[in-house]
Every structure is written in structure tokens, then in C-alpha cells.
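We name chains A, B, ... by the order of the sequence lines, and we start the count at 1 in each one.
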Amino acid sequence: MNLPLESAYKLLMGEYGPQGWWPLFDLRQPDSQELDLQRGYHPGNYHYPQSEKQCFEIAIGSILTQNTSWVQVERALENLHQKGWLTPEKIVKADESSLKQAVRPAGYYNQKAERLQIIARFFLERKERRLSSSPPERSELLALKGVGPETADSILLYAFHEPEFVVDAYTRRLAVSLGWLQGCESYQEVKELFVAALPRDVHLFQEYHALIVTHLKKCPAHPKVQTQPPFYRSLKEKGCLLASLYRELA
DNA sequence: AACCAGGACGTGA
DNA sequence: TCACGTCATGGT
């Protein structure tokens with residue numbers, strides 16, 4: 001079975017262009033006309049993160065965004081930024097209650113505050129051992145409370161440029177709606193589908209995941225989980241890109 | 001006014 | 001291993 005994963009990628013890239021993930025707070029240009037730049041995206045520039053601080057910010061964001069929309073994460077990051085807390089040192093030392101207050105907009109603020117301190121401790125420890133320049137093992141990320149498979153892969157892919165494909169709810173939904181999956185597959189199985197069909201390329205992996213999210217945000221044309229066989233009809237009627245995706249791939 | 005958002009963990013079968 | 005409840009704020 002040879003699924004057209006690259007064709008889908010080309011269509012998405014042709015439609016939306018490079019997404020400039022992962023957005024970085026201290027990269028924001030408030031005066032820019034481009035909303036992307038205002039919000040810290042850096043389309044076409046793959047040279048980020050450029051500092052340990054930016055690297056850490058990606059890790060923080062990946063925790064905060066768990067089952068939460070990105071605008072909420074931006075508010076939490078805003079709070080942390082205003083306190084000057086977007087570093088492992090500050091997060092570790094922060095008192096519990098004000099950290100919770102800062103993180104509150106992102107939801108689950110009790111657990112997320114705790115888990116931010118856990119991952120901050122991890123970053124700090126790596127820094128003290130002068131390991132910051134080399135990527136952590138996936139297994140040691142997974143060992144941290146609050147870091148599951150998606151968060152680990154996000155950190156590795158976007159913060160450390162490791163070729164790990166990120167699978168999230170959108171990825172699964174797209175794959176299911178295109179008939180590539182049934183929907184009941186495990187994280188690893190979904191990941192394998194993409195990794196096996198694509199060249200192991202960091203920029204490709206970064207853009208593919210970002211494009212999937214962008215597309216399904218813009219075109220939430222399908223139910224959360226679609227376990228039925230491919231269903232072209234309902235989507236053609238939506239008039240969104242996914243319809244053309246279907247026609248191309250049919 | 002339900003439903004969902006760039007999940008992960010703890011528990012019991 | 002796996003299904004299920006829990007965590008929580010703010011948009012549509």
C-alpha cells in the first residue's frame with residue numbers, strides 16, 4: 001500500500017505555505033503588519049530556536065498546549081513573560097501559587113504548574129551538566145511527569161531538530177478522513193504511517209505537522225473521530241481545501 | 001448551552 | 001494492554 005502522503009503535503013504547502021513553527025514569544029514583532037510575526041511565527045526560517053531560552057520556551061509551550069487552544073497558551077506565556085519567568089531557573093524558583101495564577105488561562109493550571117517545574121528542573125540539570133547542546137533522549141523526556149508521546153516528539157522536533165513526527169488529534173483526524181487510518185490506531189502506529197512514507201527530514205516533519213493543524217483549524221469539516229471508511233461526499237460539499245485534497249487523491 | 005481545544009496520568013479490569 | 005474518569009479555562 002502506497003499512500004499519497006507526499007501529495008497531500010504538497011497540496012497543503014501549496015495552499016498555506018510555510019508555517020514558521022514553533023512560534024516563539026521573544027520573536028514577536030508587535031508593530032508588524034503580518035499577524036504571523038506579531039505572534040512569533042517565523043515562516044521559512046528554520047534556524048530557531050537560537051538560544052537555550054528559546055529552546056526552553058518551546059518545551060513550556062508544548063506542556064501548556066496540551067488539550068488546550070493556542071490562544072490560551074499565549075495568554076499564559078504572556079503572563080510568564082511579563083514576570084520574566086521564561087527560563088528554567090525562574091520557573092523552578094517560582095512560588096507555587098503565583099505560577100499557578102500565571103498558567104491559569106491555559107487550563108489544568110494545578111497540574112501544568114507542577115509539570116512546568118518538573119521540566120524546568122530537567123532543563124536546568126542538563127544545563128549544569130553541559131548537555132544543553134545535545135538533544136535529550138526521547139525516553140528521558142517520557143520519564144518526566146507531564147510529558148507524553150506527543151509532547152516529547154514536539155520538543156524533540158521543534159526544540160532540538162530531531163526527526164520525530166508529531167501525532168496529534170488533528171493528524172489522526174486527517175489520516176482517518178483521508179482513509180489512511182481507521183482511527184483506533186495507537187500513537188506509534190499513526191507515527192509509523194507518516195515516518196515510513198516520508199523522507200526523514202526535520203523541516204518536512206515540522207511543516208507537515210504545522211500544516212495539518214493550520215488546515216484543520218481553518219477547515220474543521222469533519223467530526224472529531226471518523227471511524228467509517230473514506231467518505232468523500234460530505235467533504236466535497238464543504239467547499240474547503242480538504243475537498244480538493246480528496247479529488248486529488250481519489 | 002453543550003462542545004471543543006496543538007494530552008497525559010492514575011486506576012481498575 | 002486498554003478503556004475510562006479526571007484535570008479546567010475560555011471560544012464558538
Side-chain angles (χ1 to χ4, degrees), chain A residues 12 16 18-25 35-36 39-43 48 57-80 96-120 122 138-159 164-177 182-191 194 205-227 238 240:
Chain A
L12 290 167
Y16 299 109
Q19 295 300 297
W21 279 38
W22 189 281
L24 287 167
F25 202 93
L35 187 57
D36 273 353
R39 305 177 90 186
Y41 294 85
H42 41 90
Y48 295 103
E57 184 188 324
I58 295 173
I60 294 300
S62 70
I63 301 275
L64 291 176
T65 198
Q66 290 169 359
N67 205 35
T68 302
S69 58
W70 185 254
V71 284
Q72 302 294 102
V73 176
E74 288 182 311
R75 291 177 184 152
L77 287 174
E78 173 79 38
N79 293 339
L80 294 174
E96 182 178 322
S97 62
S98 33
L99 184 58
K100 286 182 178 177
Q101 286 314 305
V103 164
R104 185 166 189 174
Y108 308 114
Y109 59 91
N110 289 306
Q111 5 182 19
K112 281 180 178 175
E114 178 195 353
R115 293 168 187 186
L116 288 189
Q117 292 194 308
I118 291 177
I119 201 165
F122 177 73
R138 197 175 121 102
S139 57
E140 48 182 347
L141 288 175
L142 289 175
L144 304 172
K145 185 191 291 186
V147 178
E150 181 187 339
T151 304
D153 287 336
S154 290
I155 294 172
L156 289 169
L157 180 61
Y158 290 106
E164 303 281 356
F165 198 90
V166 178
V167 174
D168 62 10
Y170 288 138
T171 314
R172 187 182 301 271
R173 210 174 306 170
L174 181 77
V176 170
S177 61
Q182 300 241 326
C184 54
E185 291 82 357
S186 69
Y187 184 94
Q188 271 305 324
E189 287 174 313
V190 182
K191 184 174 174 178
F194 284 85
F205 284 10
Q206 289 184 341
E207 292 290 2
Y208 208 150
H209 174 237
L211 284 164
I212 289 173
V213 175
T214 295
H215 173 56
L216 291 195
K217 266 183 183 169
K218 179 178 176 131
C219 255
H222 20 278
K224 188 171 183 178
V225 179
Q226 182 54 268
T227 52
K238 302 295 183 182
C240 71

Q. Within the structure shown, what part of the strands sits under 4.0 Å from V147(A) by heavy-atom distance: base, sugar-phosphate, or nothing?
A. sugar-phosphate
Q.
Before we go on, tell me: are the rings of H209(A) and F165(A) under 6.0 Å apart, centre to centre?
A. no
Q.
Check whether E207(A) reaches the backbone of P18(A) with its side chain - one donor and one acceptor, N or O, closer than 3.5 Å.
A. no
Q. Syn or anti: how is dG12(B) classified when any glycosidic angle within 90° of 0 counts as syn?
A. anti
Q) Just checking L142(A): base, sugar-phosphate only, or nothing, at a heavy-atom cut-off of under 4.0 Å? A) nothing
Q.
In whole Å, I'd like the distance from the CZ atom of R39(A) to the C1' atom of dG6(B).
A. 13 Å
Q. Is there a donor-acceptor pair under 3.5 Å between the side chain of K112(A) and the backbone N or O of Q66(A)?
A. yes
Q. If the P atom of dC3(B) is compared with that of dG5(C), how far apart are they to the nearest Å?
A. 15 Å
Q.
Go nucleotide by nucleotide along DNA chain B from the 5' end; which of V213(A) and R115(A) gets its closest nucleotide reached first?
A. V213(A)
**Q.** Any donor-acceptor pair under 3.5 Å from Y158(A) side chain to Q206(A) backbone
**A.** yes
Q | Nearest-angstrom distance from the residue atom NZ of K218(A) to C1' of dG6(B) | A | 18 Å
Q) Tell me, which of residues 97-112 of chain A have any heavy atom that sits under 4.0 Å from an atom in DNA chain C? A) R104(A), P105(A), G107(A), Y108(A), Y109(A), N110(A), Q111(A)
**Q.** Salt-bridge present (E164(A), K191(A); N to O < 4.0 Å)
**A.** yes
Q) Nearest-Å distance, CZ (F205(A)) to C1' (dG6(B))? A) 18 Å
Q: Give a yes/no answer on whether the side chain of T151(A) brings an N or O atom under 4.0 Å of OP1 or OP2 in dA8(B).
A: yes
Q. Thinking salt bridges, do D153(A) and R138(A) make one under a 4.0 Å N-O criterion?
A. yes
Q: Please round to the nearest 0.5 Å and tell me the distance separating atom OH of Y16(A) and atom CG of L211(A).
A: 8.5 Å
Q) Between I63(A) (CD1) and dG7(B) (C1'), how many Å, whole number? A) 10 Å
Q.
In whole Å, measure the gap between the P atoms of dC4(C) and dG6(B) for me.
A. 25 Å
Q: Could you measure between the two P atoms, the one in dG11(C) and the one in dA8(B), and give it in whole Å?
A: 24 Å
Q. Just checking Y208(A): base, sugar-phosphate only, or nothing, at a heavy-atom cut-off of under 4.0 Å?
A. nothing
(Q) Checking the side chain of T65(A) only, and the main-chain atoms of G61(A) only, is there a donor and an acceptor separated by less than 3.5 Å? (A) no
**Q.** Enclosure of Q101(A) CD (heavy-atom neighbours >12, cutoff 6.0 Å)
**A.** yes
Q: Please state how far atom CG in D168(A) lies from atom C1' in dC4(B), giving the value in whole angstrom units.
A: 14 Å
Q) Rounding to a whole Å, what distance do you find between I60(A):CD1 and dG6(B):P? A) 19 Å
Q. Can W70(A) be classed as stacking with the base of dG6(B), given a centroid separation cut-off of 5.5 Å and a plane angle cut-off of 30°?
A. yes
(Q) Just the rounded figure in Å: distance from C1' of dT6(C) to NZ of K145(A). (A) 14 Å
Q. When the aromatic ring centroids of W70(A) and W22(A) are compared, is their separation below 6.0 Å?
A. yes
Q: Look at the side-chain N and O atoms of R173(A) and state whether any lies under 4.0 Å from the OP1 or OP2 oxygen of dA5(B).
A: yes
Q) Atom CD of E74(A) to atom P of dG11(C): distance rounded to whole Å? A) 12 Å
Q) Taking only Watson-Crick and G-U wobble pairs with both distances under 3.5 Å, what dot-bracket line describes DNA chain C, where [ ] shows pairs that cross earlier ones and | shows pairs with another strand? A) |||||||.||.|
Q | C1' spacing across the pair dC9(B) / dG10(C), given as an integer number of angstrom | A | 23 Å
